[in-house]
Amino acid sequence: FVSILYLLSQARIRHRLGVALWACGQAEGARQQLVAASALLVALRGRSRSSGPRSARIASLQVATSRALQTVLVSKYCRKFRITIKLPFI
């Protein structure tokens, strides 16, 4: 049995690592970490049945992770096809 707090901290670490890798230009590493964080958060949303502050933190981190992953994927796609765009990073 792995605690919900442990999984949440793992997801948070992977999210931060993904953002840091993306900022350093390592899109593939960022994608891997953000996908792993997203998978953990989906699992947590299924396990956490409460609607308290912990559930709100999980939902907020899941939204931030999804946005970061979308940014990474779009930037990889644009680089592949030499499209230049500016995306706000949240």
Side-chain angles (χ1 to χ4, degrees):
F1 175 74
V2 178
S3 77
I4 290 175
L5 290 177
Y6 175 78
L7 292 176
L8 181 58
S9 68
Q10 288 296 310
R12 189 175 293 122
I13 289 167
R14 288 185 179 274
H15 170 84
R16 289 178 182 166
L17 180 57
V19 170
L21 287 169
W22 182 78
C24 292
Q26 297 181 20
E28 183 56 29
R31 185 195 64 78
Q32 290 172 356
Q33 293 301 321
L34 291 168
V35 166
S38 183
L40 284 168
L41 291 164
V42 168
L44 278 171
R45 294 282 306 262
R47 289 175 85 180
S48 178
R49 305 221 190 310
S50 69
S51 60
R54 185 181 302 154
S55 182
R57 281 192 305 243
I58 292 169
S60 177
L61 185 57
Q62 188 174 17
V63 168
T65 300
S66 295
R67 286 181 181 169
L69 183 56
Q70 288 173 353
T71 302
V72 168
L73 293 174
V74 167
S75 71
K76 281 183 68 173
Y77 174 82
C78 291
R79 235 188 329 267
K80 181 178 178 181
F81 294 100
R82 296 189 178 138
I83 300 170
T84 305
I85 60 170
K86 298 261 183 189
L87 291 176
F89 190 75
I90 298 172

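Keep in mind that what you see is a predicted model, and the values were worked out from it rather than measured. If you read the sequence from its start, that first residue is 1, and numbering goes on from there.
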Please report the C-alpha distance between L61 and R57 in whole Å, then the side-chain angles of each, then the deciding distance to 0.1 Å, and finally whether the side chain to side chain contact (heavy atoms under 4.5 Å, CB included) criterion is met.
CA-CA 6 Å; L61 185 57; R57 281 192 305 243; over 6 Å; no
Enter the distance from [X]:[atom1] to [Y]:[atom2] here, rounded to the nearest 0.5 Å.
X: Q62; Y: R67; atom1: CD; atom2: CZ; result: 12.0 Å
X: Q10; Y: L41; atom1: CD; atom2: CG; result: 11.5 Å
X: L69; Y: W22; atom1: CG; atom2: CH2; result: 12.0 Å
X: R16; Y: T65; atom1: CZ; atom2: OG1; result: 10.5 Å
X: L34; Y: L17; atom1: CG; atom2: CG; result: 8.5 Å
X: S55; Y: R45; atom1: OG; atom2: CZ; result: 6.0 Å

Which pair of non-hydrogen atoms, one from A27 and one from V72, has the smallest distance, and what is that distance?
O-CG1, 3.5 Å
Atom of A37, atom of A11 and distance for their closest heavy-atom approach
CB-O, 3.6 Å
Checking side chain to side chain contact (heavy atoms under 4.5 Å, CB included) for the pair L7/I4: CA distance, chi angles, key distance, verdict?
CA-CA 5 Å; L7 292 176; I4 290 175; 5.7 Å; no
Same hydrophobic cluster for I13 and L5, using side-chain heavy-atom links shorter than 4.5 Å among ILVMFWY?
no
